[in-house]
Amino acid sequence: MHLVPAPATVTTLPESFALTPATAISAPSGHAATQLAGLLRRPVTSAGAITLTLDGPAELGREGYLLDVDGTGVRLRAHTDEGLFRGVQTLRQMLPADVEGPSPQTTPWIVPGVRIEDRPRFAWRGVMLDVARHFFPVDDVKRFIDLAVPYKINILHLHLSDDQGWRLAVGGWPRLTTYGGGSEVGGGPGGFYTQDDYTEIVRYAAERHLTVVPEIDAPGHTNAALASYPELTRDGVAPERYTGIEVGFSSLAADLDVTYRFLDEVIGEIAALTPGPYLHIGGDEAHSTEPAEYARFITYLEQTVRRHGKTMLGWQEVSSAPLTPGDIVQYWRALSGHEPDIRPALDAVAKGAKLIMSPAMHTYLDLKYSGESALGQDWAGLLEARQSYEWDPAALIEGVGETDVLGVEAALWTETLATWEDLTYMTLPRLPGIAEIGWSPAGGTWSGYAPRIAAHQARWAAAGLRYHHSPDLNEA
Ligand code: TNX
């Protein structure tokens with residue numbers, strides 16, 4: 001068995017279960033049942049040797065499950081549909097790699113006998129996709145969700161605006177997308193999501209028990225907005241649209257009233273479109289904003305997100321500004337070969353915020369694997385599969401412990417990534433390592449993990465996904 005993330009406890013049993021074309025599924029209606037029926041290509045009936053039930057003990061929490069397999073069948077129990085859905089991912093990985101392929105199978109599938117009791121270490125196990133540097137259409141976002149689902153990822157963070165493009169239509173400010181969406185790195189056509197497109201992504205994610213976290217980056221990373229509306233600029237002159245990869249040169253204007261009306265209306269519309277409880281305001285690399293103005297912006301953004309009924313997230317830089325307990329700070333500046341930048345994490349915790357750990361040297365899926373990688377950046381170092389796995393979110397920063405950390409998030413920035421194949425190549429095999437760090441009990445070892453993830457290469461191949469043939473795995 002090659003389960004990733006590793007369950008909290010696994011006991012192997014002697015008798016396995018042979019699945020045949022006649023094996024039926026019985027399950028309460030819900031996303032777990034729909035997914036399992038699709039995977040096994042058979043309907044849900046009222047009785048079957050594979051049973052899903054909602055009678056799991058409450059101690060399993062929202063995402064925990066119990067899975068029992070013996071000679072007579074498969075029994076999956078949880079307290080919620082979400083728990084069943086996470087358990088279905090485990091069952092799925094107990095089936096051969098062909099289950100991930102398009103063609104129906106005729107040979108019986110053998111499910112090994114086990115008793116598994118499982119629940120996550122951290123509540124937040126996210127992946128971020130930057131659709132601003134290069135635009136990716138709705139179907140790519142759906143495929144990206146599909147790729148994350150087996151690893152029990154539960155958050156999709158979409159980086160929806162940056163210097164190079166604005167990707168979500170806002171009713172009151174149409175030029176943000178009709179003009180500001182029409183560019184991307186390298187001079188391509190860009191693109192944007194209509195509000196219906198966005199709603200469709202949110203729906204597709206919710207059916208797979210992922211919550212979408214929209215990010216509108218401010219006050220820096222705003223060239224696309226400034227290019228679209230000259231009245232937002234300090235001098236009233238719209239800059240050109242930007243297709244390079246520099247950061248830190250753009251800023252909203254703190255002393256204009258229209259800036260705050262703009263932010264309020266944008267945040268209000270996106271909050272109304274988003275069923276999840278979170279809204280990310282960026283706040284990173286505002287090198288062209290005065291420190292006093294920066295604090296004023298973050299204070300305003302924090303209050304505005306709260307007024308529109310959401311919890312604010314911001315990149316670690318926001319911890320220099322006043323925060324409200326319950327805000328969420330995303331830690332990112334940790335570079336290979338350097339001491340991690342601890343001050344923002346300690347400040348955030350002192351202000352009552354929770355941390356999401358996205359240390360670049362372990363979780364930035366846009367970093368090059370090695371000096372030979374054609375794709376990717378290397379400002380935080382190189383990042384091979386092993387390094388995406390060998391870290392502990394609660395031990396990275398002295399003074400930041402388990403209860404300060406909400407979870408982990410991998411980030412796929414797309415300055416150098418333009419196609420679907422580029423995305424999958426950078427994501428696999430690193431995302432599963434980060435997912436296991438977020439889900440599984442602390443103390444896992446590389447030698448325990450490497451053979452499990454190496455076996456998943458056959459699953460990615462069956463699904464037709466391009467992935468990086470990591471020397472770390474292929475030596476394992
Ligand atoms: C830093 S991480 C950024 C992004 C870049 C990324 C490239 C962060 C909050 N800001 O703007 O895309 O590095 O790796």
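All ligand and atom numbering here is 1-based and tracks the order in the structure.
If you check which protein heavy atom lies closest to atom 10 (N) of ligand 1, you get Asp284 OD2, 2.9 Å. Looking at atom 5 (C) of ligand 1, its nearest protein heavy atom turns out to be Glu415 OE2, 3.3 Å. The nearest heavy-atom contact from the protein to atom 2 (S) of ligand 1 is Tyr364 OH, 2.5 Å. Looking from atom 13 (O) of ligand 1 to the surrounding protein, the closest heavy atom is Trp379 CZ2, 3.5 Å. In this structure, the protein non-hydrogen atom closest to atom 1 (C) of ligand 1 is Glu285 OE2, 3.4 Å.
Using modelled atom types and a 3.5 Å distance limit, the side chains of Ser470 and Glu384 yield a donor-acceptor pair.
Remark: Arg466 qualifies as a cation-pi partner of Tyr425 under the 6.0 Å distance and 45° angle criteria applied to the six-membered ring. Cation-pi check for Arg430 over Tyr369 is met; the charged atom lies under 6.0 angstrom from the ring centroid and within 45 degrees of its normal. By the 6.0 Å and 45° rule, Arg175 stacks over the aromatic ring of Tyr179.
A salt bridge links Glu200 with Arg203: the closest approach of a Lys/Arg side-chain nitrogen to an acidic carboxylate oxygen falls below 4.0 angstrom. Using a cutoff of 4.0 Å between basic side-chain nitrogens and carboxylate oxygens, Arg133 and Asp162 are scored as salt-bridged.
Annotation for ligand 1: atoms under 4.0 Å from non-hydrogen atoms of Asp366 are 7 (C), 14 (O). Short contacts between ligand 1 and Gln377, defined as distances under 4.0 Å to a heavy atom of the residue, involve ligand atoms 7 (C), 14 (O). Counting atoms of ligand 1 from 1 in the listed order, those under 4.0 Å from a heavy atom of His221 are 11 (O).
Of the heavy atoms in Gln330, none comes closer than 4.0 Å to ligand 1.
Assignment of Glu317 to the shell around ligand 1 is not supported, since no heavy atom sits closer than 4.0 Å. For Arg133, the heavy-atom gap to ligand 1 drops under 4.0 angstrom.
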The test is salt bridge (Lys or Arg N to Asp or Glu O under 4.0 Å); show your working for Lys152 and Glu63 and say whether it passes. CA-CA 9 Å; Lys152 300 186 171 73; Glu63 293 190 282; over 6 Å; no
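Checked by distance only, ligand 1 and Asp130 stay at 3.5 Å or farther apart across all their nitrogen or oxygen atoms.
Side-chain atoms of His157 and Glu215, non-hydrogen and from C-beta on, do get closer than 4.5 Å to each other.
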